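Working notes for the structure below.
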2 protein chains.
Amino acid sequence: MSQTVDRALSILPLLAEGPADLGQVADRLGVHKSTALRLLRTLHEHGFVYRQSDQRYRLGARLFALAQEAMENLDIREIAHPHLVRLNEQCGHTVHLAVYEENEVLYIDKVDSRYPVRMYSRIGKPVAITVAAVAKLLLADLPEHERRALAEKLDYPMYTSRSTPNPEAFLRELAKVREQGWATDLGGHEESINCVAAPIRGADGRVVAAMSVSAPNVVVTGDELLTLLPLVRRTADAISGEYSGRTPTKDVV
Amino acid sequence: MSQTVDRALSILPLLAEGPADLGQVADRLGVHKSTALRLLRTLHEHGFVYRQSDQRYRLGARLFALAQEAMENLDIREIAHPHLVRLNEQCGHTVHLAVYEENEVLYIDKVDSRYPVRMYSRIGKPVAITVAAVAKLLLADLPEHERRALAEKLDYPMYTSRSTPNPEAFLRELAKVREQGWATDLGGHEESINCVAAPIRGADGRVVAAMSVSAPNVVVTGDELLTLLPLVRRTADAISGEYSGRTPTKDVV
DNA sequence: CTGCCGCGTTGCGCTTTGTGCAACGCCCAT
DNA sequence: ATGGGCGTTGCACAAAGCGCAACGCGGCAG
């Protein structure tokens, strides 16, 4: 809607691919060099862009800072974290927390079996939305038409022979998940990894996040993992309770 | 320089503090609501901003994607990674890679003793610049006046009794580090953690990154850790060699 | 040593673009 | 019912961002 801002923002993904000099930026934006210069300068002032010694531009540190900060201010994440840790202590496996946002599913927290590590490494990268157990839960809760529309336009990469192959199968799976209130991924993403997941709901009953426990086949079989389901669901419900018990309006300071 | 972009970018840090509604954004920007709306819309189209169910805006997933992508495209990181892994295999301790950028030091890679994990959790957060061994190396290489100016304006938090207390001590430490070509942090950040670090240099001899090995006191004493210094330096030199051997211009595709 | 080329940079006149205003519609709370 | 708060829209005005052309600088080649 705003041309200038639009152009400026378009620079960022472009630089994400790698450093570029003024001319390259101007060309790829389809604007005059002087225009690109002004935009880059503005981005620079805000620290979104950095000028390395060879004069080329690359993305700046401010971007990381923002991503980091945004992450830490997610309410659900904050509330859920201690629960995830406790679940991890109880079962020993990797625990994930994920949210849905505009056609993507993001991991926003992780507790690994060894010790707590936020798996930022996954953030931003498209999660395997067609197979991940948490993704199924999040998508299963979308309104009918939105769910259908999304299913149609997704890609269905066959990570393994058990990956969801097409929109029809996916929608069927989502219906099932919606019905039963939990989800699994049995080797659909990586042959030897199984997951069980449960939804976290807000006060209105809508699914606001999903959590899962993952373990490799060699440690526990899919069936054994399923015995953890009650525990996972209980944890998810505890988080749901705490989340929806919150005061709905929370001031921004 | 560009008012519109300037305003739009100012929205992002503001939202990083927490979700905000249109009125709040407009107020804090000092612009009319309709203006704020247009800016937010543009940000939204680019996925930098997300509208949650209560209509309030928060930072969007695209931000994470960008931070992630930028990270992965850092040349040094790519080149260094296998070396870090090998060093980790040899000594078993945690290995870090860090760069300096506009008054901050960022970790850009990590190999933990257990298994490889990118410590993105640290990214964006200010590294303990006054005590970290890698920070000393990176700052020691700055031009005299810049180094001095930076040292003056830094804070000197006393993480432990061995933390660098003030600018004078810091500049002395940097001079020493500059001289000897390596650095340590002996319990300056956390009482029981020691690090040894070595610089990675570009073709022109400037320090482009620094790497370190960290281990808790209980595993190896500071003195024992120092015996690893030759290995660390050799690794750093190997990375330097490979890095500066590169073709200087690298096309952006 | 000198002249050329490529690059980033600057100042400027034109007009597109972003701006603030005021009015509207919606929802919630009274 | 009714009022207030909020997001949203259309519009007229002028500010702002735009591309152009010219400049300065450094590196490379003749």
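Computed from a prediction, not measured in an experiment: that's the story for all the values here. Numbers restart at 1 for each chain; the letters A, B, ... are given by sequence-line order, proteins then strands.
Rounded to an integer number of Å, the gap from B/Leu29 CG to C/dG20 C1' is 14 Å. Per the geometry, CG belonging to B/Asp21 stands 14 Å off C1' belonging to D/dT8, to the nearest Å. Rounded to an integer number of Å, the gap from A/Gln24 CD to C/dG6 P is 15 Å. For the pair A/Asp6 CG and C/dT16 P, the interatomic distance rounds to 18 Å; values are reported in whole Å.
No option in A/Leu12, A/Leu59, A/Leu63 other than A/Leu12 meets the side-chain contact (heavy atoms from CB on, under 4.5 Å) test with A/Leu43.
Sorted by first and then second residue, the pairs that involve residues 173-182 of chain B and meet side chain to side chain donor-acceptor pair (under 3.5 Å), not counting sequence neighbours, are B/Lys136-B/Glu173. Residue pairs meeting the salt bridge (charged side-chain N to carboxylate O under 4.0 Å, His left out) criterion with at least one partner in residues 6-16 of chain B, sequence neighbours excluded, are absent.
The ring pair (Phe, Tyr, Trp, His ring centres under 6.0 Å) search around B/Phe170 returns B/Tyr156, not counting sequence neighbours. Residues forming a side chain to side chain contact (heavy atoms under 4.5 Å, CB included) with B/Ala8 (at least two apart in sequence, or on another chain): A/Val5, B/Leu39. By the side chain to side chain contact (heavy atoms under 4.5 Å, CB included) test, B/Asp237 is found to be paired with no residue, residues two or more places apart in sequence or in another chain being considered. With sequence neighbours left out, A/Ala135 forms a side chain to side chain contact (heavy atoms under 4.5 Å, CB included) with A/Val105, A/Ile129, A/Ala132. Applying the side chain to side chain contact (heavy atoms under 4.5 Å, CB included) test to A/Ala209 and every residue at least two apart in sequence or in another chain returns A/Ile76, A/Leu97, A/Val99, A/Ile200. Taking B/Arg86 as the reference, nothing meets the salt bridge (charged side-chain N to carboxylate O under 4.0 Å, His left out) condition, with sequence neighbours excluded.
A donor-acceptor pair is defined here as one N or O able to donate and one able to accept, closer than 3.5 Å; no such pair exists between the side chain of B/Ser212 and the backbone of B/Ala197. Looking only at distances, a side-chain donor or acceptor of B/His32 sits under 3.5 Å from a matching main-chain atom of B/Ser34. Not one N or O on the side chain of A/Glu152 forms a donor-acceptor pair closer than 3.5 Å with the backbone of A/Ala149.
Contacts between residues 37-52 of chain B and DNA chain D, defined by a heavy-atom separation below 4.0 Å, involve B/Leu37, B/Arg41, B/Arg51, listed by number.
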Quick one: which protein N/O atoms are closer than 3.5 Å to N/O atoms of nucleotides 27-30 of chain C? Pair and distance per line, please.
none

Report each atom pair, protein N/O against N/O of nucleotides 21-26 of chain D, whose distance is under 3.5 angstrom.
none

Between N or O atoms, less than 3.5 Å apart, protein on one side and nucleotides 14-16 of chain D on the other: list the pairs.
residue : atom : partner : partner atom : Å
D/dA16  : OP1  : B/Gln3  : NE2          : 2.7

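For the pair A/Val5 and A/Leu22, both in contact range of DNA chain C, the more 5′-proximal nearest nucleotide belongs to A/Leu22.
Taking the charged nitrogens against the carboxylate oxygens, A/Glu144 and A/Arg148 do have a contact shorter than 4.0 Å, which makes a salt bridge.
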